[in-house]
Each structure stands twice: as C-alpha cells, then as structure tokens.
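Every chain is numbered from 1, with letters handed out A, B, ... down the list of sequences.
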2 protein chains.
Amino acid sequence: MKTEIKTDAKGKKTVLNTCTEPCAIERGMRLIGGKWTGSIIYHLKDEPVRFNDLCRMLGGASRKMIDQRLKELENNGMVLRSVIDTRPIAVTYSLTEFGRSALDILEQLRVWSESHSDN
Amino acid sequence: MKTEIKTDAKGKKTVLNTCTEPCAIERGMRLIGGKWTGSIIYHLKDEPVRFNDLCRMLGGASRKMIDQRLKELENNGMVLRSVIDTRPIAVTYSLTEFGRSALDILEQLRVWSESHSDN
DNA sequence: CGGTATCCTCTACGATACTG
DNA sequence: CAGTATCGTAGAGGATACCG
C-alpha cells in the first residue's frame, strides 16, 4: 500500500503508483472478508464447534458455503479440523494461533458495525 | 451475533441460534469488505483525491469498479463527492466522519496482513 | 453426522467504446 | 476529466438430492 503524491515546483501533482499487487488491505480482506468467513472465525473463538452446530449458529448460510469457507480457512492455516472417530462421526473446528490473531480485528469490526446500526 | 450453547443436566449441548440476520460482523464486512472498498477508504485518509488519481493509486482495479465502489461508499455515507466546476470538470472524493471511523479497523487489518505475509 | 455432487441462476468483474 | 453503456465470461452461491 505505497502510493506517493509528488508535487513539482508549479504545484502540479503527480501520483505514483508503487502499490504492490495485491495490497495488504486487499490481501487481508481476502483472508477474512469472504461471505460468512468473519462470522465463522468469531463463532469459533471460545471452543471447538461441530459442523452442524456451526450451521445452526449461522442461520442464514447454506451448508455448502460453510463447508467451502471452512476449507479455505483450513488451507490458510486459520482453522484446525479435528475428526473424532465415533459412530456417527464427529468433526470439530477450532482456531489456530493464526486464526486467533484475527479476532481483535473482527471484534473491533463488530463494535464499529453495531455502533453504526442506526443509519 | 448472539448464540447460546445450552448444556442440560446430562451434559448434552443444544445450540440456540439467536443471531439476528445479518450479523454485525457480516453487516460490517458488507460496508468495508467489498473488493477494493477498504483500499479506497485507506487512500482517502489524508486528503481529498480525484477520480483519476484514485485509479492510478489502485493500479489493479478497473475504472468501473472504482466508480461502483465510490457510489456505494457515497450511499453509505462514508465518502463525500465534491464537484469543482472548472473546465475540464474536477471531482474529488473525501471521507466523511463515518468513513473516517473505519480507518482504525483498516489500519489494524493492514498491519495484521503484513505481519503474516510470510505464509 | 458431516459432508459431495449436480444443476441452475444471478452477479461480479473485466474489456472496450463512447460522451458532456 | 470523469464518467456511462454495452457485452461477455467466470465464478459465487442457493436448492436439492445423495453417500459413507
């Protein structure tokens, strides 16, 4: 996210784009900004949660979406998938240290969003 | 973002979804999580910026995208569009107080993202 | 229970060309 | 300069059904 605005002797401005693609903010958003991604991370903050419980928590999201997002999060190293081989099988999802490191941002976002719900 | 996990006498857990749709985190993400939205807000943090300068700053984004995002941001009350009636016309975009209130989150996101660019 | 597979629709987005 | 209009494609995402 480096951009310089150069101003010459006559006051004319030139914008230099030195922004590496994709920018840090965009990269970060692609990690936690997907549909339901932030909510999933947030719901895993206290304890491991099972797949179907997560579905119930995220009432508006389809199972396919949640499955997809969980795989992304697993691939990005933010979520850990644990299989407990009972019958029927049980699978829990929990946050890795990396995943946990995103909680501050999400909490701040939640507070910000709620404080502006009056618009 | 209210979800309760009830545990009964036998230790059996029931998940109650009391999450109002859409949740605060999702609502917040829809405000600043669109493609390029965060970057646009971030680039407006110091001073009003003209349309074409913004395009140069966001090298990877098409003009159409930027136009679209700016309109969204204007509709959401985060960005102010100012027309200076010279010839040729000049248009600058700047942050409103509401838009400015999102900068903390974006800055935190940027730092977080950069500190994990080694994965 | 915890998923896949399939189908279908709708939109996001890029490319390009035109305009006051 | 700051857009709008039009077209085309790829992928997002819902609904439904099936599986180990």
Side-chain angles (χ1 to χ4, degrees), chain A residues 5 11-15 17 21-23 26 29-40 43-44 48-76 79-94, chain B residues 5 11-15 17 21-23 26 29-40 43-44 48-76 79-94:
Chain A
I5 300 181
K12 190 181 176 191
K13 291 180 180 180
T14 309
V15 176
N17 174 27
E21 292 302 326
C23 306
E26 288 308 308
M29 278 299 182
R30 284 335 112 206
L31 285 176
I32 62 171
K35 202 175 180 186
W36 297 109
T37 306
S39 298
I40 288 175
H43 275 106
L44 297 182
V49 178
R50 298 179 64 165
F51 182 80
N52 277 341
D53 287 340
L54 208 48
C55 292
R56 275 182 284 276
M57 289 169 168
L58 306 169
S62 68
R63 302 155 65 78
K64 182 178 160 188
M65 271 287 74
I66 298 174
D67 188 61
Q68 219 168 84
R69 294 301 174 227
L70 283 171
K71 282 204 178 102
E72 282 176 22
L73 287 167
E74 206 188 343
N75 289 338
N76 293 335
V79 158
L80 182 71
R81 179 175 182 272
S82 309
V83 180
I84 305 160
D85 201 358
T86 54
R87 190 156 308 234
I89 205 173
V91 178
T92 66
Y93 294 90
S94 54
Chain B
I5 299 181
K12 190 183 178 190
K13 291 179 181 180
T14 310
V15 176
N17 174 27
E21 292 304 328
C23 305
E26 288 308 309
M29 279 299 183
R30 283 335 113 206
L31 284 176
I32 63 170
K35 201 175 182 186
W36 298 108
T37 305
S39 298
I40 289 175
H43 276 105
L44 297 182
V49 179
R50 297 179 65 166
F51 183 80
N52 277 342
D53 288 339
L54 208 48
C55 291
R56 273 183 285 275
M57 288 167 168
L58 305 169
S62 68
R63 301 156 64 77
K64 184 177 158 188
M65 271 287 74
I66 298 174
D67 189 61
Q68 218 168 84
R69 294 299 174 230
L70 283 171
K71 282 205 179 102
E72 281 176 23
L73 288 167
E74 207 189 342
N75 289 337
N76 293 335
V79 159
L80 181 72
R81 181 175 181 273
S82 309
V83 180
I84 305 159
D85 200 358
T86 54
R87 190 160 307 235
I89 204 172
V91 179
T92 66
Y93 293 89
S94 54

Donor-acceptor pair, side chain of A:Glu26 and main chain of B:Lys35, under 3.5 angstrom: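 No; judged by distance alone, with no hydrogens or angles, the pair does not exist.
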
Heavy-atom pair with the smallest gap, counting every atom of B:Ser39 and B:Leu58: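 Closest approach of B:Ser39 to B:Leu58, heavy atoms only: CB-CD2, 3.7 Å.
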
Step-by-step side-chain contact (heavy atoms from CB on, under 4.5 Å) determination, B:Ile66 to B:Trp36: CA-CA 7 Å; B:Ile66 298 174; B:Trp36 298 108; 5.8 Å; no

For A:Glu74, side chain to side chain donor-acceptor pair (under 3.5 Å) partners two or more places apart: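 Per chain and number, A:Glu74 pairs via side chain to side chain donor-acceptor pair (under 3.5 Å) with no residue.
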
Partners passing side chain to side chain donor-acceptor pair (under 3.5 Å) against A:Arg69 (at least two apart in sequence or in another chain): A:Glu72

Residue pair A:Leu54 / A:Leu70, side-chain heavy-atom distance below 4.5 Å: yes

Any side-chain heavy-atom pair of A:Met57 and A:Ile40 under 4.5 Å: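 A side-chain contact under 4.5 Å is absent here.
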
Listed once per pair and sorted, the salt bridge (Lys or Arg N to Asp or Glu O under 4.0 Å) pairs that draw on residues 58-68 of chain A, sequence neighbours left out: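 Sorted result for residues 58-68 of chain A: A:Asp67-A:Lys71.
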
Straight-line distance of B:Thr37 OG1 to B:Met29 CE, nearest 0.5 Å: 11.5 Å

Terminal contacting nucleotides, 5' and 3', DNA chain C versus chain B (heavy atom, 4.0 Å): C:dC13 to C:dA15

Stepwise side-chain contact (heavy atoms from CB on, under 4.5 Å) check, A:Val49 with A:His43: CA-CA 8 Å; A:Val49 178; A:His43 275 106; 5.7 Å; no

Residue met sooner reading DNA chain C from 5', once B:Gln68 and A:Tyr93 are mapped to nucleotides: A:Tyr93

5' priority, DNA chain C, between B:Arg63 and B:Glu72 [closest heavy atom]: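 Taking each residue's closest nucleotide, the earlier one in sequence belongs to B:Glu72.
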
Residue mapping more 5' on DNA chain D - nearest nucleotide basis, B:Arg50 or B:Lys64: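 Nearest nucleotide further toward 5': that of B:Arg50.
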
Quick one: side chains of residues 83-93 of chain B, donor-acceptor pairs under 3.5 Å with protein atoms, not counting sequence neighbours, listed by atom name and distance.
unit_1: B:Thr86; atom_1: OG1; unit_2: B:Pro88; atom_2: O; d: 2.8
unit_1: B:Tyr93; atom_1: OH; unit_2: B:Arg81; atom_2: NE; d: 3.4

Axis deviation across the helix from C:dC1-D:dG20 to C:dG20-D:dC1, five-pair ends, to the nearest 10°: 50°

Sub-4.0 Å heavy-atom contacts from residues 83-92 of chain A onto DNA chain D, ordered by number: none

Contact interval (first through last nucleotide) of DNA chain D with protein chain B, 4.0 Å heavy-atom: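 Range of nucleotides within reach of chain B: D:dC1 to D:dC7.
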
